[in-house]
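Below you will find the structure I want to go over with you.
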Amino acid sequence: MTALGVSLLRGAVTSPFKRAGGPGATLPTGRAVLPAAPAAPAPLAAYRTLCGFTDPETLPLTYPHVLGFPLAMRLMTERSFPLPVLGLVHTWIEITAHRPPRPEDRLELTVYATELTPHRRGTEVTMVTEARCAGETVWESRSGYLSRHGASGATGGTAARSRGAIVRAGAPAVAAEAAPPDAPTAGAGLPAVAEWRLPGDLGRRYGAVSGDRNPIHLHPLTARLFGFPRHLAHGMWTVARCLAEAETGAGPGTGTGTRPGTGTGAGTGTETGAKNRARIRSVRAEFKAPVLLPATVTYAAAGDAFLLRGGDRVHLTGTVVRER
């Protein structure tokens with residue numbers, strides 16, 4: 001069994017004994033470290049193919065997060081971690097490449113939890129992943145994971161629901177504003193660039209290349225055990241696929257094509273070539289709704305903004321910053 005599989009099993013055992021939102025919750029101060037090593041060529045090639053990345057000279061912007069995810073799961077399934085890992089929802093991610101990591105770089109990965117934040121639907125934890133090469137931080141990500149639960153001690157009213165505490169690792173709780181109610185989705189009117197048909201086995205294929213074999217992504221039967229009508233595409237695949245499309249410089253046009261690893265794309269976009277666009281330095285993405293498999297989704301983009309939607313439902317929104 002892989003290290004990630006062991007963590008998932010441990011999480012299934014420990015989650016029923018954890019109660020999110022309880023008073024006095026603290027984050028562990030420990031860090032998980034993966035010793036310096038270059039990316040293994042075969043898994044990297046499979047990941048590139050499935051997500052659509054084409055630049056052989058740099059690691060895909062999302063790939064260090066994939067390498068560090070087993071470390072994050074190890075931390076989140078420890079007994080000292082205050083939230084149950086079962087039911088955690090990945091809500092957002094920010095990734096910054098201070099310089100483009102290369103496949104041959106010997107990256108040392110460090111993962112730690114940095115804060116607990118009150119959320120109108122529960123409690124959100126921020127996990128940080130850092131990649132260093134020869135002591136230099138070359139890449140980092142921050143991810144939010146939401147544990148849904150009722151407001152502890154809430155008595156009703158806006159004020160009671162909007163106040164909470166941010167708990168940072170190793171620090172006392174301080175008063176803070178919780179997240180506001182959902183605003184209208186920014187960028188919902190972005191023009192369509194490409195349409196992708198996602199096959200029913202996409203979750204199993206991404207699980208094989210990423211190691212993330214969460215049952216909600218593998219099969220309709222296993223997803224139903226967790227309350228979903230069908231299995232879901234991995235959120236990190238949707239981010240990676242959108243970034244791969246943004247890197248190739250796809251823009252409005254006509255024509256059809258096949259998007260790597262996703263099945264046939266009855267496209268509304270044409271490729272202009274990755275070298276014609278400035279490299280993406282950072283991305284901020286927010287997960288809005290799961291993608292039930294199989295599915296047909298539309299990638300829409302304009303300027304630095306992008307989104308993924310299925311019909312009228314927005315699954316993912318994001319913005320990128322390119323090198324100048």
Side-chain angles (χ1 to χ4, degrees), residues 1-16 40 42-53 60 62-77 83-93 111 127 129 143-148 196-244 259-265 285 287-297 308-310 313 315-316:
M1 183 179 291
T2 65
L4 188 54
V6 171
S7 294
L8 287 171
L9 180 60
R10 184 169 60 238
V13 172
T14 60
S15 287
L44 173 58
Y47 180 85
R48 280 190 175 126
T49 298
L50 187 62
C51 298
F53 290 103
T62 48
Y63 198 61
H65 178 88
V66 172
L67 297 177
F69 185 66
L71 302 181
M73 283 296 297
R74 185 201 309 171
L75 292 177
M76 291 191 289
T77 56
L83 303 179
V85 72
L86 290 185
L88 276 184
V89 179
H90 197 180
T91 51
W92 57 270
I93 186 169
V111 179
M127 302 295 295
T129 303
S143 287
Y145 296 90
L146 173 65
S147 178
R148 298 183 180 183
W196 304 322
R197 297 171 189 167
L198 313 185
D201 66 349
L202 177 60
R204 294 188 291 276
R205 293 164 65 190
Y206 185 81
V209 303
S210 69
D212 183 0
R213 292 183 174 88
N214 188 319
I216 65 173
H217 301 301
L218 301 182
H219 193 276
L221 292 178
T222 55
R224 288 187 193 116
L225 296 176
F226 297 90
F228 296 100
R230 301 199 306 274
H231 53 310
L232 318 176
H234 291 74
M236 285 306 300
W237 179 88
T238 66
V239 174
R241 188 66 193 91
C242 289
L243 288 176
R259 304 304 195 216
T262 64
T264 301
F287 304 100
K288 300 295 186 180
V291 178
L292 301 178
L293 296 172
T296 297
V297 295
L308 192 70
R309 61 176 178 250
R313 191 177 199 190
H315 299 291
L316 174 76

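Reckoned from all heavy atoms, side chains included, excluding hydrogens, waters and symmetry mates.
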(request) Not counting sequence neighbours, which residues clear side-chain hydrogen bond (donor to acceptor under 3.5 Å, both in side chains) with S143? List them please. (result)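 By the side-chain hydrogen bond (donor to acceptor under 3.5 Å, both in side chains) rule, S143 matches H90.
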(request) Return the minimal non-hydrogen interatomic distance between P199 and R205, and the atom names on each side. (result) CG-NH1, 3.7 Å
(message) For G203 versus L293, what's the shortest heavy-atom pair and its separation?
(response) N-CD1, 3.7 Å
(message) With a 4.5 Å cut-off on side-chain heavy atoms, are H231 and L218 touching?
(response)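 Sidechains of H231 and L218: no contact.
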(message) Tell me the closest heavy-atom pair linking P215 and T222, and the distance in Å.
(response) O-OG1, 2.7 Å
(request) May I ask you to test the V89-R148 pair for a side-chain heavy-atom distance under 4.5 Å? (result) yes
(request) Specify the closest pair of heavy atoms between A240 and C51, including all atoms of both residues, with the distance to one decimal. (result)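 Smallest interatomic distance, heavy atoms only, reads CB-SG, 3.8 Å.
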(request) Give the minimum heavy-atom separation between R48 and P60, together with the two atoms involved. (result) CG-CG, 4.0 Å
(message) Under the rule for side chain to side chain contact (heavy atoms under 4.5 Å, CB included), what residues qualify as partners of L88, not counting sequence neighbours?
(response) M76, L83, V85, Y145, S147
(message) Could you walk me through whether W196 and T296 satisfy the side chain to side chain contact (heavy atoms under 4.5 Å, CB included) test, starting with their C-alpha distance in whole Å, then the side-chain angles of each, then the deciding distance to 0.1 Å, before giving a yes or no?
(response) CA-CA 6 Å; W196 304 322; T296 297; over 6 Å; no
(request) Find out whether V291 and W237 are in side-chain contact, i.e. whether some heavy atom of one side chain is under 4.5 Å from a heavy atom of the other. (result)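 Side chain of V291 against side chain of W237, heavy atoms only: no contact under 4.5 Å found.
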(request) Show the numbers, then the answer: is there a side chain to side chain contact (heavy atoms under 4.5 Å, CB included) between L243 and T62? (result) CA-CA 9 Å; L243 288 176; T62 48; 3.8 Å; yes
(request) Would you check if the side chain of T91 reaches a backbone N or O of G144 as a donor-acceptor pair within less than 3.5 Å? (result)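 Yes, T91 side chain to G144 backbone: donor-acceptor pair under 3.5 Å.
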(request) For residues H217 and R204, determine if any side-chain heavy atom of one lies less than 4.5 Å from a side-chain heavy atom of the other. (result) no
(message) Counting C-beta onward and ignoring hydrogens, is there a side-chain heavy-atom pair between V111 and F69 closer than 4.5 Å?
(response) no
(request) Would you give the length of the straight line joining atom CG of L198 to atom CZ of R241, rounded to the nearest 0.5 angstrom? (result) 9.5 Å
(request) Find out whether C242 and L308 are in side-chain contact, i.e. whether some heavy atom of one side chain is under 4.5 Å from a heavy atom of the other. (result)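 Touching, per the 4.5 Å side-chain cut-off.
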(request) Please round to the nearest 0.5 Å and tell me the distance separating atom CG of L232 and atom CG of L202. (result)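 Rounded to the nearest 0.5 Å, the CG-CG separation comes to 11.0 Å.
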(request) Report yes if the side chains of V297 and H315 come closer than 4.5 Å at any heavy-atom pair, otherwise no. (result)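 Heavy-atom side-chain distance check passes, below 4.5 Å.
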(request) Could you walk me through whether I216 and F228 pass side chain to side chain contact (heavy atoms under 4.5 Å, CB included), step by step? (result) CA-CA 8 Å; I216 65 173; F228 296 100; 3.9 Å; yes
(request) Look at the rings of H234 and Y206 and say which category their plane angle falls in: under 30° parallel, 30 to 60° tilted, over 60° perpendicular. (result)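 Aromatic pair H234/Y206 classed tilted.
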(request) Specify the closest pair of heavy atoms between G235 and F287, including all atoms of both residues, with the distance to one decimal. (result) O-CE2, 3.2 Å
(message) Applying side-chain hydrogen bond (donor to acceptor under 3.5 Å, both in side chains), can you list everything that pairs with T129, at least two apart in sequence or on another chain?
(response) none
(request) State the CE-CE distance between M127 and M73, to the nearest 0.5 angstrom. (result) 10.0 Å
(request) Would you sort out whether K288 and W92 count as a side chain to side chain contact (heavy atoms under 4.5 Å, CB included), showing the intermediate values? (result) CA-CA 9 Å; K288 300 295 186 180; W92 57 270; over 6 Å; no
